[in-house]
Structure formats: structure tokens, C-alpha cells
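Encoded as C-alpha cells, the structure appears first; notes follow it.
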Amino acid sequence: MPELPEVETVRRGLTNLVKGAIIRKVEVPYPKVVTSDLTEFKSDLVGRTIEKIDRRGKYLLFRFSNNLTMVSHLRMEGQYSVEPEGAPLRKHTEVVFHLEDERQLFYNDTRRFGRMTLVKTGDELVTVSGLKDLGPEPTEEDLKLSYLKEIFNRSHRMVKTFLLDQSNIAGLGNIYCDEVLWMSKIHPETTTDKLSDRKLSELRKNIIAEINRATAHHGTTVHSFSNIFGETGQFQNELQVYGRAKLPCLRCGTTLEKIKVGQRGTTFCPKCQVKKV
DNA sequence: CGCACTGTTTTGAA
DNA sequence: TTTCAAAACAGTGC
């Protein structure tokens, strides 16, 4: 499901619904989802308040009282839902947080790729792989052009693959990568060191703008994504290339092509996005 | 039925 | 050190 705008949508929904709630009991029907000690996971959260929910890249950070943080990554199809106490588990419910107020928070995950781990607050930045090496957020303040120039010039990887690497920039996934490359008129297989400073600046602006715009639309619903209220995002109506292979480019009319780049399906316009060699 | 595809990340090997 | 393919898993569509 989720790239940064979708995870941020989930974060806001969770904040509305369960911020301030107290955990009464934790059940883990699918133990593999918890990568930290399972016994501690089930016992340590009992009695704790969900004080805040943060996000970093595609990671959700549940801040509990007494300096505990639960790191949750939804991977492909992870999803939270809030139900009345006693509601039956869903087919793919992996964790149940019973709350003190007659509700329960479910973590559901059809493909079972999502993972969560419990750490002492602050430790996530040193112990959680993926999180500790995460690149800057795609924002005006955090994503400096000088930084991009440096990492792009140093690498010889294809730009699409490079943007998907979360240690370079946090939060972009397959959909928004294809979108920003189309917007910036960059062929996905161009190697990063071939991009001019001017192109890089354009790409940076497009990344920031696109992520902001998608977040404002509550994210994109392609397969299964819906927010905690069960509402779908609206941004799929705004996509220019993703999911439009064989359809005309909305800028020049050329038929969009779909190829594989670094084992990910990649849609682009062969006329607008010419590979620089 | 078999195969390819799907919004992600980690792992191990080259 | 850097980069890449396979694997983790379930569902859907051809």
C-alpha cells in the first residue's frame, strides 16, 4: 500500500482516533510480525498511553508513555483499523491492541510483509535497520539541493532505482517515482551522475511538490489502501503516468511504455523522457 | 492450473 | 564498498 503520503494519512487518522488511548491487553495472532522480543512486546505495552504518533519516511512511530516507541512499517499492504471491543478478527489481523475504552486497534496485513518492533525511545535511530540509515524527508527544509548534487554525482545507478533507495531520500515509492520522473522529463534508466544541476533542481522541486500534493489528497488508492476510517485516497485521479501504460502521454500524446527497472514496473513516456547517455 | 503481476524492504552474494 | 536478484507472502487476472 503505502508511500509517504499514504503513511502520513494513516498517521493523521490514528492520531485522531487513538491518541491518548491506554492499552489494556495485546494479542499477537501472527507472531512473526513482531521482530523484537514477543513476550516483552505483549507485556510491556499494557497500561501505557499512546501519547503521540510520529512518522519518519514510511515508518510509523507510536510513542508510548514511559519512553517506549513502537516502530511499525506497513510494507505493501499493512493497515490499521479501530473496532469496538469484541469485534471478530479479520482474516489477516496480526496484532490486536485492546484499549481501556471498549475499543480495539487491529493491525491487518494481507501479504504479511509488514513488521513492528518495540524499542526504548531514541534507540530506533541506532538499532532499527532501515530507519537508522534513512535519507532526509522530501521537504523544502530537509532536502537540500547541495546534498542531492553530492549523492547524485557520486553514484552511477539508474535514477529510478536511486530514488527508491530510502537511504537517499525517505518516502518515495514506485508510484511517486514514476510521477516525478515524468514531471521532470527524466528517463528512469538515466544514471544519476548524468543529470545536470538544473535537472536536479527541477527534480527536487517536483518531488517536494508531488509529495505535498498527494498528502493533501490523502494519498493514492491503487489496490487496497484506505485510511483508518476506511476511506480511500483521492490522488489516483491525479496520476499522470503510473497505471497508464499503453495510454497516451498527457503532455505529448505519445503512447506510454512500461519496462522493468531494478525489478520494478516502470511507466514512462519515450518521447518526453529521453535517456541521456 | 500455471504464471506474471502488485504500493516494500532485507539479505546474501557477486 | 557498491549494486543486484531473490525472498518474504497473499491475492488477482490472464
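Atoms considered below: every heavy atom in the structure, side chains included; atoms not considered: hydrogens, waters and symmetry mates. All figures in this text were calculated on a predicted structure; none of them were measured in a lab. A, B, ... follow the sequence lines: proteins, then strands. Residue 1 opens every chain.
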Separation of A/Glu77 atom CD from B/dT6 atom P, in whole Å? 13 Å

Could you check how far CG of A/Asp133 sits from C1' of C/dT2, rounded to whole Å? 14 Å

Spacing of A/Asp165 atom CG relative to B/dT8 atom P, expressed in whole Å: 13 Å

With a 4.0 Å cut-off on heavy atoms, is A/Gly114 in touch with a base, just the backbone sugar-phosphate, or nothing at all? nothing

What's the CD-P distance between A/Glu94 and C/dA8, to the nearest Å? 16 Å

Using atom P in both nucleotides, what's the gap between B/dG12 and C/dC9 to the nearest angstrom? 15 Å

A/Gln79 CD to B/dT8 P: how many Å, rounded? 17 Å

May I ask you to say what A/Arg264 touches in the nucleic acid, namely base, sugar-phosphate or nothing, with a heavy-atom cut-off under 4.0 Å? base

Nearest-angstrom distance from the residue atom NZ of A/Lys258 to P of B/dC5: 8 Å

Considering just the side-chain nitrogens and oxygens of A/Lys32, establish if one lies under 4.0 Å of OP1 or OP2 belonging to C/dC9. yes

Has A/Gln166 got a side-chain N or O lying under 4.0 Å from the OP1 or OP2 atom of B/dT9? yes

Atom CZ of A/Arg111 to atom C1' of C/dC9: distance rounded to whole Å? 6 Å

If only side-chain N and O atoms of A/Ser129 are considered, is one of them under 4.0 Å from the OP1 or OP2 phosphate oxygen of B/dT10? yes

Only pairs with both distances under 3.5 Å count, Watson-Crick or wobble alike; so what is the partner of C/dC9 in this structure? none

At what distance, to the nearest 0.5 angstrom, does CG of A/Leu256 lie from CH2 of A/Trp182? 8.5 Å

When you measure from the side-chain N and O atoms of A/Arg112 to the phosphate of C/dA10, is any distance below 4.0 Å, counting only OP1 and OP2? yes

Closest non-hydrogen atom pair, A/Lys149 against A/Leu200: CA-CD2, 3.5 Å

Name the residue closer to the 5' end of DNA chain C, choosing between A/Gln263 and A/Arg154 according to the nucleotide with the nearest heavy atom. A/Arg154

Base, sugar-phosphate or nothing for A/Phe235? Non-hydrogen atoms, less than 4.0 Å. nothing

OP1, OP2 of C/dT3 versus side-chain N and O of A/Ser155: anything below 4.0 Å? yes

Looking at A/Lys132, I'd like to know if its NZ atom is crowded, meaning that more than 12 non-hydrogen atoms belonging to other residues, nucleotides or ligands lie closer than 6.0 Å. yes

Here the gap from A/Arg213 atom CZ to A/Glu238 atom CD, rounded to the nearest 0.5 Å, amounts to 5.0 Å

Which pair of non-hydrogen atoms, one from A/Arg157 and one from A/Phe162, has the smallest distance, and what is that distance? CD-CD1, 4.2 Å

Measure from the side chain of A/Tyr59, starting at C-beta and using heavy atoms only, and say which of B/dT6, C/dC9, B/dT9 lies closest. B/dT9

Rounding to a whole Å, what distance do you find between A/Tyr30:OH and C/dA8:P? 11 Å

Could you tell me whether the phosphate oxygens of B/dA4, OP1 or OP2, come under 4.0 Å of any side-chain nitrogen or oxygen in A/Lys260? no

Hey, is the side chain of A/His73 poking within less than 4.0 Å of OP1 or OP2 on B/dT10, counting only N and O atoms? no

Considering non-hydrogen atoms only, spot the tightest contact between A/Gln273 and A/His187 and give its length. O-CD2, 3.2 Å

Take atom C1' in B/dT8 and the same atom in C/dT1, then report the distance between them in whole Å. 24 Å

